[in-house]
Amino acid sequence: MNDFTKRVIDIIKRIPPGYVMTYGSIAECAGNPRASRQVSRILHSMTAKYDLPWHRVIRKDGSIALPNEAGGLEQIVLLTAEGVEVSVSGKINMQRHFWVEAFLEENDGL
DNA sequence: GCAATGACCCTGG
DNA sequence: CCCAGGGCCATTG
């Protein structure tokens, strides 16, 4: 396993309940802005082994990437249980739940 | 080693 | 809002 993969796993494990991150932002934080697809692949293959909160990772437009029949439905259930607002159309309120570490640091916790 | 693949993303119609 | 096309890049066959 390479460093990028390790960082991605570490970042995902740090996402607090009630918040979400996008594939692209995770890739960026892990040092590879263009590797959003690799992030998705890592989730697909490493979730079971590393006990990751995979449901907190969504698309940049706030929609669920995983097809409903492949777990997307379960993802919505898990997010809702954590307090994340998922609209009827399957989209998430990014302004409210997007986890941005830099933002929190600048605002000293808020 | 080359070709295909994908839980993505962006632009334009 | 929905669809198409192109770019992206590590993993897979």
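Worth knowing before you read on, the calculation uses all heavy atoms, side chains too, and leaves out hydrogens, waters and symmetry mates.
- Taking atom CD1 of A:Ile42 as the reference point, atom C1' of B:dC8 lies 13 Å away to the nearest angstrom.
- Listed for the A:Asn32 side chain is no donor-acceptor partner under 3.5 Å among the backbone atoms of A:Arg34.
- DNA chain B lies under 4.0 Å from at least one heavy atom of each of the following residues of residues 48-66 of chain A: A:Trp54, A:Arg59, A:Lys60, A:Ala65, A:Leu66.
- In this structure a side-chain-to-backbone donor-acceptor pair under 3.5 Å is present from A:Thr47 to A:Leu43.
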Contact letters for nucleotides 4-13 of chain C, in which S counts primed atoms plus P, OP1 and OP2 and B counts the base, heavy atoms under 4.0 Å: ---BBBSSS-
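- A donor-acceptor pair under 3.5 Å is formed between the side chain of A:Glu82 and the backbone N or O of A:Gly18.
- Rounded to the nearest 0.5 Å, atoms CD1 (A:Ile9) and CG (A:Asp51) are 11.5 Å apart.
- Judged by distance alone, with hydrogens and angles left aside, the side-chain atoms of A:Thr5 form no donor-acceptor pair with the main-chain N or O of A:Met1 at under 3.5 Å.
- Of all heavy-atom pairs spanning A:Val8 and A:Ala30, the tightest one is CG2-CB, 3.7 Å.
- A distance-only check finds a donor-acceptor pair linking the side chain of A:Arg56 to the backbone of A:Ile15 [under 3.5 Å].
- A salt bridge between A:Lys6 and A:Asp10 is absent, with no side-chain N of the basic residue lying under 4.0 Å from a carboxylate O of the acidic one.
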